[in-house]
Protein chains: 2
Amino acid sequence: MASPPNAHHIDSAGLNERAQALLKTLIERYIRDGQPVGSRTLSRDSSLELSPASIRNVMADLEEMGLVISPHTSAGRVPTVKGYRMFVDSLLTIKPLGEQEVRSMEVQLRPSDEPQRILRAASSLLSEITSMAGVVLIPRREHESLRQVEFLPLSHNRVLAILVVNEREVQNKIIHTTRDYSSSELQQAANYLNQQFAGRALHQVRETLLQEMGEARTKMNELMLTTIEVASQTFAEEEAGSDYLLEGQTNLMGYQEMADIDRLRGLFDAFNRKRDILHLLDQSLGAQGLQIFIGEESGYQVLDACSVVTSPYKQGDQVVGVLGVIGPTRMAYDRVIPIVDVTARLLSAALNQAH
Amino acid sequence: MASPPNAHHIDSAGLNERAQALLKTLIERYIRDGQPVGSRTLSRDSSLELSPASIRNVMADLEEMGLVISPHTSAGRVPTVKGYRMFVDSLLTIKPLGEQEVRSMEVQLRPSDEPQRILRAASSLLSEITSMAGVVLIPRREHESLRQVEFLPLSHNRVLAILVVNEREVQNKIIHTTRDYSSSELQQAANYLNQQFAGRALHQVRETLLQEMGEARTKMNELMLTTIEVASQTFAEEEAGSDYLLEGQTNLMGYQEMADIDRLRGLFDAFNRKRDILHLLDQSLGAQGLQIFIGEESGYQVLDACSVVTSPYKQGDQVVGVLGVIGPTRMAYDRVIPIVDVTARLLSAALNQAH
DNA sequence: GGTTGGCACTCTCTAGAGGTGAGTGCCAGC
DNA sequence: GCTGGCACTCACCTCTAGAGAGTGCCAACC
């Protein structure tokens, strides 16, 4: 299933079948009601016919291996990150989504002229059906191919550059020039650029431009100088880079494990700061397939009490972004995993299909 | 001073000078350290030389008038909304901002080609210097005047419409037409529209268009039909309407009066839902000058523990938006009021001054 | 030898009791 | 009208006791 070999993968070897089964029921139970699970409960819950005493022996082993821990002497056991990891990697049984459910998701992700709208819809969708926070990384300009460029003269040495990319997305930029250009000068420059570069990736355009600029300028005619001036600014590297859409943050306030207001504030600050979350999502962009970060695995302290489930989505056959869900470590992985997986597929489909 | 006669205004009549002075020190003290203020403290703090016992008599009067309340029998007094209202309306002494402070605010609100950027800067600025949440209502399209319109043909009966408004703001819209138009057809349509409507307000353009559409179509030539088709869509009423920029929400998590996670969630949900906050800001848009909503005065339950200080800002000599600060009722009004006031002025200045 | 019941032990949680301190309301006297 | 005195109230803290849940260990059983 969607869970590929993961950097954090823990082998289930060294754990007999019974221990695995018990770990599984323990975690399922803990996910269900958030209380430490004791041996008596476990004995009733598991299909194994074992007395609490026997189960205690197994628990002692699991604790020694660092898969579970008891918050204090007389409480039941709670899974550790390592425990969750093993659960997710080798014990989990995924419930595939119902057809009905998939269809209703599909409705919310209909194709549109504005990709931004679909991305936001995906983020909302994720947050709504999981009751956690949904996140969608916005495709970077790098992946975009130029369809058309136009220039409009504004007053005071300013020119409005309009880029149409990917057939239906539009970007504007106001650039400042050394002198006022006439409408027709700009028209000519645009024609030249469209002829030369339509269909190419933006970063290719940028590189080629840089190269041409390097060549002796004296050789160039007036038109080329104009073109070079406006184009170099138009296609200049954006410093901003990547960004994401986050929805349903407030859902996270509903969970007890987030009840600590300082921890919560740290998390929300991280959402606003964006850097850490972006970095995490970028990582998932590289890996192929669904990714799960459990608790401290993410490497960011603010996410210590959270798990993040991500999946990349595509435009054409190229991965352009990642989407996912952020919630408490104690989340229903068996539901969240297929939800993230399906949403990624549906989003890809919607993006590839013009309105 | 910035505080205009307010709908909630309470007359200070019926309160002798001493009572006023004591209410003032009580509220100042309470704002400073958030604890109920007792008669002993008040006796030491106020410049009046009165024993605690005398002060208790005054307190009893103030309590009867509903200006203060004691959380329980043996605690000091805490101001009520009505108390804050009187404080703000007639007792408050405003500290004007230092020149230095104003200058450093000015730096963060430099003019820019992108008004959106300045608005965001204003919001951040407000949140940073007050350590509360800053909010800026985005000007509605209604207030914008058309400078230029252009059309680019896309594939599949789609046309990209580009509006340049207010000299330096750009808006895009993809519209769907009944047939493919050629570049030159669109160019002609754009020329016509620019000639007719440049400099007019968008809503004027819309009205005139509707009128022309109503006239018998048969009289029109091909060009006019084209023009009407693309223009009517381009200038169609936006359903979205108004929106705002909110920064520093997480600052609100620092205050004890917001420590209740459910109340906090309600507030954050309201921020996301936007409707209530927008409505409140719209109200302030109508009123001229600085406005203060204390606690329940706003009329929205989620804001019961908050105060909102707003001020409109202008483009040219027309009010186009509102900005403000949202924080706990117990805020330093004497600082917040001039900050909001000055920020509104600086923002207006920055917007009216092209880069 | 794995499994089980028994048992002592540990730890959290809750409720109640008692003490302390801050602050009040009221009253009599200045 | 102001003030000191005094009884009273209430939140808050600490301490204690008891209940409940669950554990670890051990000896016995199959």
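Chain A is the first sequence line, chain B the second, and so forth, proteins listed ahead of strands; every chain is numbered from 1. Any value given below was found using the heavy atoms of this structure, including those in side chains, with hydrogens, waters and symmetry copies removed.
- Atom P of nucleotide D/dT3 and atom CD1 of B/Ile55 are separated by 9 Å, given to the nearest angstrom.
- In this structure, CG of B/Leu42 is placed 17 Å from P of C/dA22, rounded to the nearest angstrom.
- For the side chain to side chain contact (heavy atoms under 4.5 Å, CB included) with B/Val68, the lone residue among B/Asp61, B/Val78, B/Val58, B/Leu26 that qualifies is B/Leu26.
- Residue B/Ala75 is in sugar-phosphate contact alone, with no base atom involved, counting any heavy-atom pair closer than 4.0 Å across all strands shown.
- Regarding contacts with the backbone of C/dG25, a side-chain N or O of B/Arg77 is found under 4.0 angstrom from either OP1 or OP2.
- Rounded to an integer number of Å, the gap from CD of B/Gln35 to P of C/dG21 is 18 Å.
- When the P atom of D/dG24 is taken as reference, atom CG of A/Leu62 falls 12 Å away, rounded to whole Å.
- Between A/Tyr300 and A/His279, the ring planes lie perpendicular to each other; the angle is over 60°, past the 30° to 60° tilted range.
- The CG-P distance, from A/Asp61 to C/dT3, rounds to 11 Å in whole Å.
- Set against C/dT4, C/dG25, C/dC11, the side chain of A/Thr73 has C/dC11 as its closest nucleotide.
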Would you give me the side-chain donor-acceptor pairs under 3.5 Å for residues 125-132 of chain B, sequence neighbours excluded?
from	atom 1	to	atom 2	distance (Å)
B/Ser127	OG	B/Ser124	O	3.2
B/Thr130	OG1	B/Leu126	O	2.6
B/Thr130	OG1	B/Met132	N	3.2

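- Residue-environment remark: CZ (A/Arg29) exceeds the threshold of 12 foreign heavy atoms within 6.0 Å.
- Listed pair B/Ser74 / D/dA11 fails the phosphate criterion, with no side-chain N or O lying under 4.0 Å from OP1 or OP2.
- What separates CG of A/Asn16 from C1' of C/dT3 is a distance of 14 Å, to the nearest Å.
- If you check D/dC2, C/dG23, D/dG4 against the side chain of B/Arg18, the one that comes closest is D/dC2.
- Here the P atom of nucleotide D/dG22 and the CG atom of A/Asn57 are 17 Å apart, to the nearest Å.
- Atom CG of A/Leu50 and atom C1' of C/dT4 are 10 Å apart (whole Å).
- For A/His72, the side-chain atoms get nearest to C/dT12 when compared with the rest of C/dT12, C/dT10, D/dT3.
- Residue B/Arg40 places no side-chain N or O under 4.0 Å from the OP1 or OP2 atom of C/dT24.
- A close approach under 4.0 Å does not occur between any side-chain nitrogen or oxygen of A/Arg56 and OP1 or OP2 of D/dC26.
- For residues 246-260 of chain B, the set of pairs meeting the salt bridge (Lys or Arg N to Asp or Glu O under 4.0 Å) definition, not counting sequence neighbours, comprises B/Arg120-B/Glu247, B/Glu257-B/Arg330.
- Note on B/Ser54: a base of the nucleic acid sits closer than 4.0 angstrom, heavy atoms only.
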